[in-house]
Peer 1: 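One structure, pasted below without further comment.
What you see is a predicted model; the values in this text were computed from it and never measured.
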Amino acid sequence: FYADSVIPLPAMAVIVYTFSISFIYLMFESLVLGIKNKDLFKADHKITVQSVVSVVRNFAVSYVYIFLVGFAETLLIKAESNYINVLANFFIILTIFSFDIFKKWYVTAVVFVTDVVLYIVFGRSMGLSLPSAYNLLLVAAIILFRNFANKYNYKTVPTAEIKEGTVLSFGTILKFRGSRVKGLPESTTEDFRSRITAEQAASVVRWGKSKMGEEMVTIVKKLPFAVFITLGTIMFLVMRRLGL
């Protein structure tokens, strides 16, 4: 199904496979840690109206983007393979949750209006339809699992071992407030965008030795993305060889 594609589908497929494998890895790791720590079904925070609203909002935002992705698949990729469609939806959901810009109300509003216009103009002629129940269940499953896996996404390490490239947790950043140590990180998104510099790492180590410092800090676990990319490429080649 690559012949009629007007975008580099092989490259996109590798990216989709890579993110899918990383998500499966996180899911498996979280289940193992949950069983090992005997807190698999123990919530790390109370269920509040705010948390419920957040889940519903994420679900609605994902729905809006999935419709647009479905239109792009129909118009640009013209792929007939169901697994590509499912993985593409899987990838876009993970992307939405990884970058705050996609959850801004004005960005979502633009996408929503685009969805409505496309459905009205091209709905019948291109056979567009609303996202299937399967895709909606996929969205719900990813949202619920992300909330579940968050409590296993951190680990505690000695402050003296903090190095360049480490991603500090939000709780750790809060502990720096009020400290006289210069050069400490002031904010974090808890992902690769917030990897600290060598200078910031040295400041954190100095903070650990100061009066307000602590011997241990919480960081965000690193994922072996080099391995995931390799596995994603291998998976793509195997699927292509099998003609799937």
Side-chain angles (χ1 to χ4, degrees), residues 5-9 11-13 15-20 22-24 26-27 44-79 82-151 153 167 169-170 173 187-194 220 223:
S5 177
V6 297
I7 64 174
L9 181 58
M12 189 193 78
I15 295 175
V16 170
Y17 287 138
T18 298
F19 272 81
S20 300
S22 66
F23 186 82
I24 293 173
L26 283 175
M27 180 173 63
D44 60 339
H45 59 272
K46 295 181 179 180
I47 298 178
T48 62
V49 174
Q50 184 178 1
S51 64
V52 173
V53 171
S54 177
V55 170
V56 173
R57 183 179 65 249
N58 287 335
F59 184 87
V61 170
S62 300
Y63 185 94
V64 169
Y65 281 96
I66 282 181
F67 183 88
L68 185 61
V69 172
F71 175 78
E73 291 169 354
T74 303
L75 179 63
L76 303 177
I77 302 176
K78 299 179 181 178
N82 288 329
Y83 86 91
I84 282 291
N85 294 334
V86 172
L87 288 178
N89 291 335
F90 189 85
F91 171 69
I92 197 64
I93 295 170
L94 293 180
T95 301
I96 293 169
F97 292 146
S98 299
F99 298 94
D100 291 337
I101 185 63
F102 292 110
K103 291 181 283 187
K104 299 292 185 181
W105 71 266
Y106 47 86
V107 177
T108 305
V110 171
V111 176
F112 176 75
V113 172
T114 303
D115 288 345
V116 173
V117 173
L118 291 176
Y119 189 74
I120 294 175
V121 177
F122 299 103
R124 292 185 178 180
S125 62
M126 298 192 64
L128 293 179
S129 60
L130 297 176
S132 65
Y134 182 84
N135 283 325
L136 297 181
L137 289 175
L138 178 65
V139 174
I142 292 176
I143 291 174
L144 292 176
F145 180 76
R146 284 187 80 257
N147 291 336
F148 158 74
N150 276 341
K151 62 181 178 180
N153 198 34
V167 179
S169 70
F170 181 72
I173 295 295
S187 62
T188 180
T189 56
E190 294 196 343
D191 57 29
F192 68 93
R193 292 169 293 176
S194 294
V220 180
L223 295 179

Peer 1: What pairs with V107 under side chain to side chain contact (heavy atoms under 4.5 Å, CB included), at least two apart in sequence or on another chain?
Peer 2: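 With neighbours one apart ignored, the set is Y65, I101, K104.
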Peer 1: Under the side-chain hydrogen bond (donor to acceptor under 3.5 Å, both in side chains) test, which residues partner S194, sequence neighbours left out?
Peer 2: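 If we apply the side-chain hydrogen bond (donor to acceptor under 3.5 Å, both in side chains) test to S194, skipping adjacent residues, the hits are T189.
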Peer 1: Under the side-chain hydrogen bond (donor to acceptor under 3.5 Å, both in side chains) test, which residues partner T108, sequence neighbours left out?
Peer 2: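 Result, side-chain hydrogen bond (donor to acceptor under 3.5 Å, both in side chains) vs T108: none returned.
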